[in-house]
Every structure is written in C-alpha cells, then in structure tokens.
There are 2 protein chains.
Amino acid sequence: MAEIAATAGIGKGTIYEYFNSKEDLFFAVFEWLSHKIASAATVRISALGGSAAERLVALNDSVVCSVLKMMDMYSLVMEFWAASSSSVMRKRFKTAFRQAYRDFRAIVTSLIQEGIERGEFTSGVNPESIAAALVGMWDALLLQAWFDDAFEPLKTSKDFLVILLVGLAAEKQKL
Amino acid sequence: MAEIAATAGIGKGTIYEYFNSKEDLFFAVFEWLSHKIASAATVRISALGGSAAERLVALNDSVVCSVLKMMDMYSLVMEFWAASSSSVMRKRFKTAFRQAYRDFRAIVTSLIQEGIERGEFTSGVNPESIAAALVGMWDALLLQAWFDDAFEPLKTSKDFLVILLVGLAAEKQKL
DNA sequence: TAAGCTTGACTGACCGGTCGGTACTATATA
DNA sequence: TATATAGTACCGACCGGTCAGTCAAGCTTA
C-alpha cells in the first residue's frame, strides 16, 4: 500500500479515502483490467461485415493481438486467478470470473449460431461447446506465451482456426 | 507453516529438516502435483491401438477426466501460476511450467504427426499449432469449470474434438 | 477561522525461520 | 553386558521483519 501510494504521488492514508481495504482496491483493479481487455478484444463484431468465418478470424486476431499488446499486465491475470482460489477473496473473484467467461462465451456463441443460421456452418455443431473451446484456447495460448518467449500465439491460433473452420463448414461439402 | 506442521502432525521445526524454506516446500508440492497430473492424464498412447483420431479422443477423455477427479486441487494450479508471476519465485516456476507445457505439447504433436504420416490427417496442417491449441483447450476448459459449476468440460471437449477431427481429416474427403 | 482534506509515523497482528534442547537408535568401547 | 559416543528426528517458544490499517497533526480552501 505504501508503494502504491508513493507511485500515485499521494499519502498512504489517502488511499483509504477511496478504497475501504487493500482487497477492495485489488478487486477494483481486477474490474478495471477486465473491462479494458473486454473492450479492447471485442471488436464490434456486428458492425464488421463478411461471413461468419471471416468475422471469427477477425475476432481471433483482435483478441490475441490486443492481449499481446498488454502482455506486461498478464501477471495480474494470474494474480486474479490465484485470488479466486484464496479462501478470503474467493467468492467475489470467482463470481466475477464466471460472469466474464459467460459473457465472452455468449458473444462467440452467437457468432457461431449466426453462422449456422446462414448455412455457413454445419448444424450438427453445438455452438456453445465451440465457443467455450475457442475462448479457452485464447486464454491458454496467451498463458503459454507468458511462459515461453519462443511461443507464437497469433500464428498458432490462426493455424488452428483454419482447421477448425474446415470442420465447421463440413456440411457444405456434402452439398 | 505452523498450520502445515499441525496438519502433518509434526512440529514446525521439523519441516525445516526436510525443506530449506517455505518456497522450497511450495516448489516441491508443485513438482509433486505436476508429475501426478502428467502421469494420470497421459495414458500410454503408444500402447493404445486404433487410429490417430481414436487415440486423440482417448487422450482427451483421459486428460479431462483425470483432472476433473482432482478438481479439489485445482486451486493449487492457480497458486502456481501466480507464483510464476511473483517477482521472487518467478524464474523457477516459469521454467518448470515452460518445460511442462513443451513436454505435453510434444506428446500431442507426435500423435498428430503420426496421423498425418498415416494419411489420416491432412498434411496441410501444422501439428504443433494443433497440439498447442488442444493442450490449451484442456487447461482452459478446466479453468472455466473451476469458475462455473454448470460448465461441462468433458462434454464441451468431446463436442469440440469431433468438429476438429472433421477439419483435420479434410483431405480424405477430396479423395 | 472553521471545515474538510491529506499525511506518514505508529500500532499490532501475523508469520517465516531459528535454536536450544529432548528422545531415541546405532555403533564403538571396556 | 554396561557405558560412552555419535547420529538423527523432532519439538515449539521465541525472534525479527513486514505490512494493512489508523489517527492526530498539519495543511488548504472558502
């Protein structure tokens, strides 16, 4: 807290004018980063033209690139994950994370759903499962990149998405 | 440390007969869990018969199920991630994680590589990218399950794998 | 000058690590 | 066999450092 106050150029006591506790401040940072990532990553999909496949590729690029740009903050994400497992802060963080993941999955789900309705994607697919896996993949590729400088999350995700899109479009080939 | 000693039914000082510091103990737990997960998840793939696709499905089931069985320890994983971002312990944990991910990716990569050589999978694919995404997906689906009791990682991963396998096998359809 | 804002020295709970000491076993010696 | 010595495992009271949170004193502003 002393270090934060010093960095902010205020006295330690002043922090407590704005936050009731260190945990409150920590949670506020979590929400701030959460919104920052969400708004940076989620390009206005509906505004974007093109096929569902094209938009999925665009979303992939946007998510991976924007998180890569703030890779220096990635350690924070891990701190937040840990917070969601700490007995004291668990509830708050767990709830927030659950909601954040649900929201993000919902966006991707609707994009895939639309692809099915348009006839681009096979109807045999469960949009929610694909969305969850994609969201997870973004998370995890960035995590692997954090551990390994040699790892290329953008290339990897693009390669992967190409294959996935072939699978999604399978029905078309039967026509 | 006092609590750990109490739980172990030994005195606090005794811990230091076996570990030099709290961090050393923590790292030992990390290595223990690391091996536990690796050996539990990695079914003897080579011993397993069947096509590459079948073995990929088997691996998927094995990984997801075995981690689900030790879900109560999942919070530990998050603590370890956080440790890899903490300034003091960073190096050790980061290195270990990097290696663990590389090892696991290598297993999956070779499985996919084999599928390509056998002609099951399209040669247009980059095995490493697919492997990284799969490994990431397992990680991230379990993470989402940790946050959300309603989330079904096994079902999700199976659904997803089906679509992915269609994409991977695409070349075959051209024959 | 009064009200409100800001501050950083201070407090007390907490915790990792230490150390003097006990107890028990194994080996060597007489 | 009895005794001495050495090695090993164990213990928990204690120490010193750390840090979130407090509050009386100083400062600013109207």
Side-chain angles (χ1 to χ4, degrees), chain A residues 1-37 70-100 146-147, chain B residues 1-37 70-100 146-147:
Chain A
M1 296 299 275
E3 203 179 331
I4 289 168
T7 307
I10 59 173
K12 185 146 79 95
T14 312
I15 294 179
Y16 290 87
E17 295 290 322
Y18 301 93
F19 304 97
N20 289 323
S21 65
K22 191 191 182 187
E23 199 201 308
D24 275 17
L25 168 58
F26 191 55
F27 189 70
V29 175
F30 167 70
E31 290 194 306
W32 170 80
L33 187 65
S34 198
H35 290 140
K36 192 177 158 85
I37 290 181
M70 39 178 136
M71 207 60 189
D72 54 316
M73 288 186 199
Y74 203 76
S75 60
L76 264 180
V77 176
M78 288 187 278
E79 294 284 354
F80 294 139
W81 282 339
S84 81
S85 79
S86 113
S87 55
V88 248
M89 302 187 269
R90 182 155 28 227
K91 213 179 168 189
R92 213 178 204 190
F93 279 87
K94 224 173 159 175
T95 306
F97 263 117
R98 181 168 56 235
Q99 197 54 52
W146 161 261
F147 288 123
Chain B
M1 296 301 273
E3 202 179 332
I4 289 169
T7 306
I10 60 172
K12 185 146 81 97
T14 310
I15 294 179
Y16 290 88
E17 295 289 324
Y18 301 92
F19 304 96
N20 289 323
S21 64
K22 192 190 180 185
E23 199 201 308
D24 275 16
L25 168 57
F26 191 55
F27 190 70
V29 175
F30 167 70
E31 289 194 306
W32 170 81
L33 186 64
S34 201
H35 291 142
K36 192 176 157 87
I37 289 181
M70 37 179 137
M71 208 59 190
D72 53 317
M73 288 185 197
Y74 204 76
S75 61
L76 266 179
V77 176
M78 288 187 278
E79 295 284 355
F80 295 139
W81 283 340
S84 80
S85 80
S86 113
S87 54
V88 248
M89 303 187 267
R90 181 158 26 228
K91 212 179 170 190
R92 211 180 206 188
F93 279 88
K94 226 175 157 173
T95 307
F97 263 118
R98 181 169 56 234
Q99 199 53 52
W146 160 262
F147 289 124

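In the text below, chain A, chain B and the rest are named by the order of the sequence lines, each starting its count at 1. These numbers come from the heavy atoms of this one structure, side chains and all, not from hydrogens, waters or symmetry mates. Because the structure is a prediction, the values reported are computed rather than measured.
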Expressed in angstrom and rounded to an integer, what is the separation of [X] atom [atom1] from [N] atom [atom2]?
X: A:I4; N: D:dC19; atom1: CD1; atom2: C1'; answer: 12 Å
X: A:E3; N: D:dT18; atom1: CD; atom2: P; answer: 13 Å
X: A:K12; N: D:dT18; atom1: NZ; atom2: C1'; answer: 11 Å
X: A:M1; N: C:dT11; atom1: CE; atom2: P; answer: 20 Å

So if I take residues 13-24 of chain B and measure heavy-atom distances to DNA chain D, which residues fall below 4.0 Å?
B:G13, B:T14, B:E17, B:Y18
How long is the gap from [atom1] on [X] to [atom2] on [Y], to the nearest 0.5 Å?
X: B:F26; Y: B:F30; atom1: CZ; atom2: CZ; result: 9.5 Å
X: B:K22; Y: B:L25; atom1: NZ; atom2: CG; result: 8.5 Å
X: A:L33; Y: A:H35; atom1: CG; atom2: NE2; result: 10.5 Å
X: A:S86; Y: B:E79; atom1: OG; atom2: CD; result: 7.5 Å

Check whether any side-chain heavy atom of A:Y74 lies under 4.5 Å from a side-chain heavy atom of A:M78, and answer yes or no.
yes
Is there a side-chain contact between A:M89 and A:S84, using heavy atoms and a 4.5 Å cut-off?
no
